[in-house]
Structure formats: C-alpha cells, structure tokens
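The block underneath contains the structure these notes are about, expressed in structure tokens.
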Amino acid sequence: MTIQDERQITVFFDIDNTLYSTSAKISQAMGVKIHDYFVKLGLSDEEASDLHHKYYTQYGLALAGLVRHHGVDPLDFDRNCDQALPLEEMISPNPIHRKLLEDIDRSQVRVWALTNAYKVHAERVLRILNLRDLVEGIVYCDYEAKDLTSKPEPAYYRKAMSLASVIDPSKCYFIDDNWRNVQAAQKIGWAHCVHFCERGLEHVEGGKLTEISLTAKANVDSKQEEQPDIEVISELEELRDVWPEIFKLS
C-alpha cells in the first residue's frame, strides 16, 4: 500500500551558483570547457562564442542547441564539460547552508533540487557540499532523453511538479540565481519565487563574462512591472526572513 505524502509545501533549490557562491568561479571554468567543445566541432573562436551565446539565450541551455543543430551526444558533452571540472578543488561544504536546510520543517515541507545540469553533476555537487542527504529528490536535465528540456521552459517546471508529486503550483517555493528561470516559474503559478543575486560578482552566462546586477533582469521582460514582486536576496540565510513559514519554530 502506498502512503501518500500529505506535506503541502515543496521547496525547489537551484544548485549551481545558488547552493554555492558564484565567487567559486565555476561558471567561468564551465564557460571555457563549453567554448572548447564548440571549437572542437570545427568552429572558429568567434563562431563558437556567438553560437554559445545564441543557444543559451534561445534554449536556456547551450547543449540543447548543440544537440538540435550539430547532432552532439549529450553524454559526450557531459564527460568533456561538467565531469571535467575539478569541483572538489573549487567548492566545499558550508556549515551555515547545511544548518539552513536542516532547520526546514520536514513535517510540512519537501525539499528538492531543480537544476539544468545532468544527474551526475547534480549529485556530485550536492555530495561535495554535504547537502545530498538533505535533498529528497533532484529534477535534472535528462541528457539521455530524446528531447532535452530545461529551465526556463514551462514544461520543465511541470516535470518538476510531476516528479515531486505536486498538484497545486501555488505551493511551490523556488530559488534560482537566473532571473529568467525565476520569472518563468512565477508565470506558471509558482507563488513563492526568490532571485538569488550576488550583486557585483562576475559570472559567465551563455559564454559571456558579466557583472551580476539587478539591471539585467529588467532587460529580460519589458512587462516585468505587471508581475507580482519577486524577492531578491544575496545570502541564503535571508530565506529565514523571506520564507519563515517553512522553518521549524525556534
């Protein structure tokens, strides 16, 4: 007999550049790996940079463009990019983050990870950060699937709800460092969305090195002002104030 999980709230944490700081420079290291992968396909450096940014902007994931237009094997991409990163030398456990997740009231709340990475990378990062045991499930980009879907595609958020057995989108809580991803979640009815924004730090997005700022989000959707406010934080500890209802009473 299957016992139904009656917990009403599900929190989805993005992994990369959210559960660890952008200051680890993993986005820069990944940008180099992806650029080199494009070049190995016979593209010039300029062509590689342009296509990397184009595919990231168009699909939310450079790999999606490589698969659709160049017939790339996603698992080969994973071996040469994600798995080739020396993550153990770049990130380490943060006791404050672990305590934060430990303090979530598990009698009322489910905790999942929602990432655009493949399962191997997701599991590896969570293990290095000493958080894997605190995450009940991982929604990852399935590199073995016929059609790749990822954030910010609406179908990916519906997939997350299905995997986590969520019926009511208004009960979904979500935090991500990418404004487009947060905005997309809100648009499908996820009612508690937070943008993790480490202003002033540099990161690579779509192969382009930029400084993180709030101005970037205004360029994503000119109709932003018509949407309900999305909370913006720069430290995960701020979630205690933004989402007090998900934590145990002290």
Side-chain angles (χ1 to χ4, degrees), residues 13-45 48-49 51-53 55-56 59-67 70 72-101 112-135 137-144 148 150-151 175-178 181 196-212 234-236:
F13 283 91
D14 173 46
I15 296 178
D16 290 300
N17 302 308
T18 297
L19 290 180
Y20 61 80
S21 173
T22 301
S23 62
K25 297 188 182 300
I26 289 178
S27 70
Q28 284 92 324
M30 177 62 81
V32 172
K33 294 290 185 185
I34 296 176
H35 179 82
D36 289 346
Y37 198 89
F38 272 91
V39 171
K40 287 178 182 178
L41 298 177
L43 301 171
S44 68
D45 282 327
S49 295
L51 279 180
H52 184 176
H53 190 258
Y55 292 158
Y56 175 82
Y59 302 115
L61 194 66
L63 175 59
L66 286 171
V67 171
H70 303 269
V72 162
D73 176 1
L75 296 180
D76 181 70
F77 175 92
D78 182 58
R79 286 189 294 270
N80 285 278
C81 295
D82 295 66
Q83 291 191 47
L85 293 172
L87 296 178
E88 289 79 3
E89 301 171 12
M90 304 179 77
I91 55 176
S92 58
N94 184 328
I96 295 175
H97 292 172
R98 182 169 178 85
K99 184 66 165 60
L100 180 77
L101 268 66
W112 279 62
L114 178 58
T115 177
N116 273 357
Y118 186 46
K119 60 184 176 182
V120 177
H121 178 82
E123 291 275 4
R124 183 182 174 199
V125 171
L126 290 174
R127 187 170 60 251
I128 294 171
L129 296 178
N130 192 29
L131 297 175
R132 181 62 187 94
D133 61 310
L134 299 177
V135 175
I138 303 173
V139 183
Y140 58 87
C141 184
D142 188 356
Y143 287 7
E144 298 179 76
L148 289 179
S150 63
K151 298 175 285 186
I175 178 169
D176 196 298
D177 68 295
N178 184 291
N181 295 343
F196 183 65
C197 181
E198 295 182 289
R199 300 169 200 152
L201 295 183
E202 289 186 333
H203 70 151
V204 170
E205 202 168 46
K208 306 292 185 182
L209 181 65
T210 60
E211 181 178 301
I212 298 173
S234 59
E235 296 284 347
L236 291 183

Q) Quick one: CD on E123 to CD1 on I15, what's the gap to the nearest 0.5 Å? A) 8.5 Å
Q: For H121 and D16, test the side chains for any donor-to-acceptor distance below 3.5 angstrom and give the result as yes or no.
A: yes
Q | Rounded distance (nearest 0.5 Å) linking atom NZ of K40 with atom CG of N80 | A | 5.0 Å
Q | side-chain hydrogen bond (donor to acceptor under 3.5 Å, both in side chains) assessment of E198 paired with S234 | A | CA-CA 5 Å; E198 295 182 289; S234 59; over 6 Å; no
**Q.** Heavy-atom side-chain contact between T18 and L236 under 4.5 Å
**A.** yes
Q: Check whether any side-chain heavy atom of N94 sits under 4.5 Å from a side-chain heavy atom of Y20, and report yes or no.
A: no
**Q.** Which atom of N116 lies closest to which atom of S150, heavy atoms considered
**A.** OD1-CB, 3.3 Å
(Q) Rounded to the nearest 0.5 Å, what separates atom CG in L209 from atom OG in S27? (A) 7.5 Å
(Q) Can you list everything that forms a salt bridge (charged side-chain N to carboxylate O under 4.0 Å, His left out) with D82? Sequence neighbours excluded, please. (A) none
Q) Does any non-hydrogen side-chain atom of C141 lie less than 4.5 Å from one of L61? A) yes
Q.
So which atom in I91 and which in A24 form the shortest heavy-atom distance, rounded to 0.1 Å?
A. CG2-CB, 3.8 Å
Q. Would you call L126 and L19 a side-chain contact if the rule is heavy atoms closer than 4.5 Å?
A. yes
Q.
If you define the side chain from C-beta out and look only at heavy atoms, does anything of N178 sit under 4.5 Å from D14?
A. no
Q: Can you measure from CD1 (I96) to CG (L101) and round to the nearest 0.5 angstrom?
A: 13.0 Å
Q. Given the rule in the ring pair (Phe, Tyr, Trp, His ring centres under 6.0 Å) test, do Y55 and H70 qualify, once you have shown the distances and angles that lead to the verdict?
A. CA-CA 12 Å; Y55 292 158; H70 303 269; 5.7 Å; yes
Q: Please name all residues satisfying ring-ring contact (aromatic ring centres under 6.0 Å, His included) with F38, sequence neighbours left out, ordered by chain then number.
A: H52
Q.
Once ring-ring contact (aromatic ring centres under 6.0 Å, His included) is applied, do any residues pair with Y143, and if so which ones, sequence neighbours excluded?
A. Y118
Q) Hey, mind stepping through L63 and D78 against side-chain contact (heavy atoms from CB on, under 4.5 Å) and telling me if it holds? A) CA-CA 9 Å; L63 175 59; D78 182 58; over 6 Å; no
Q: Evaluate the side-chain proximity of W112 to F13: yes if any heavy-atom separation is below 4.5 Å, no if none is.
A: no
Q. Less than 4.0 Å between a side-chain N and a carboxylate O, is that true for D76 and R79?
A. yes
Q.
Are the side chains of D177 and C197 in contact, using a 4.5 Å heavy-atom criterion?
A. no
Q.
If you define the side chain from C-beta out and look only at heavy atoms, does anything of I212 sit under 4.5 Å from E202?
A. no
Q: State whether R127 and D133 are salt-bridged, where the test is any N-O pair (Lys NZ or Arg NE/NH1/NH2 against Asp/Glu carboxylate O) under 4.0 Å.
A: no
Q) Can a salt bridge be assigned to the pair R124 and E88 using a cut-off of 4.0 Å between side-chain N and carboxylate O? A) yes
Q | Separation between OG1 of T115 and CG of N181, rounded to the nearest 0.5 Å | A | 9.5 Å
Q: Mind listing the closest non-hydrogen atom pair of A29 and M90 along with its distance?
A: CB-CE, 3.9 Å
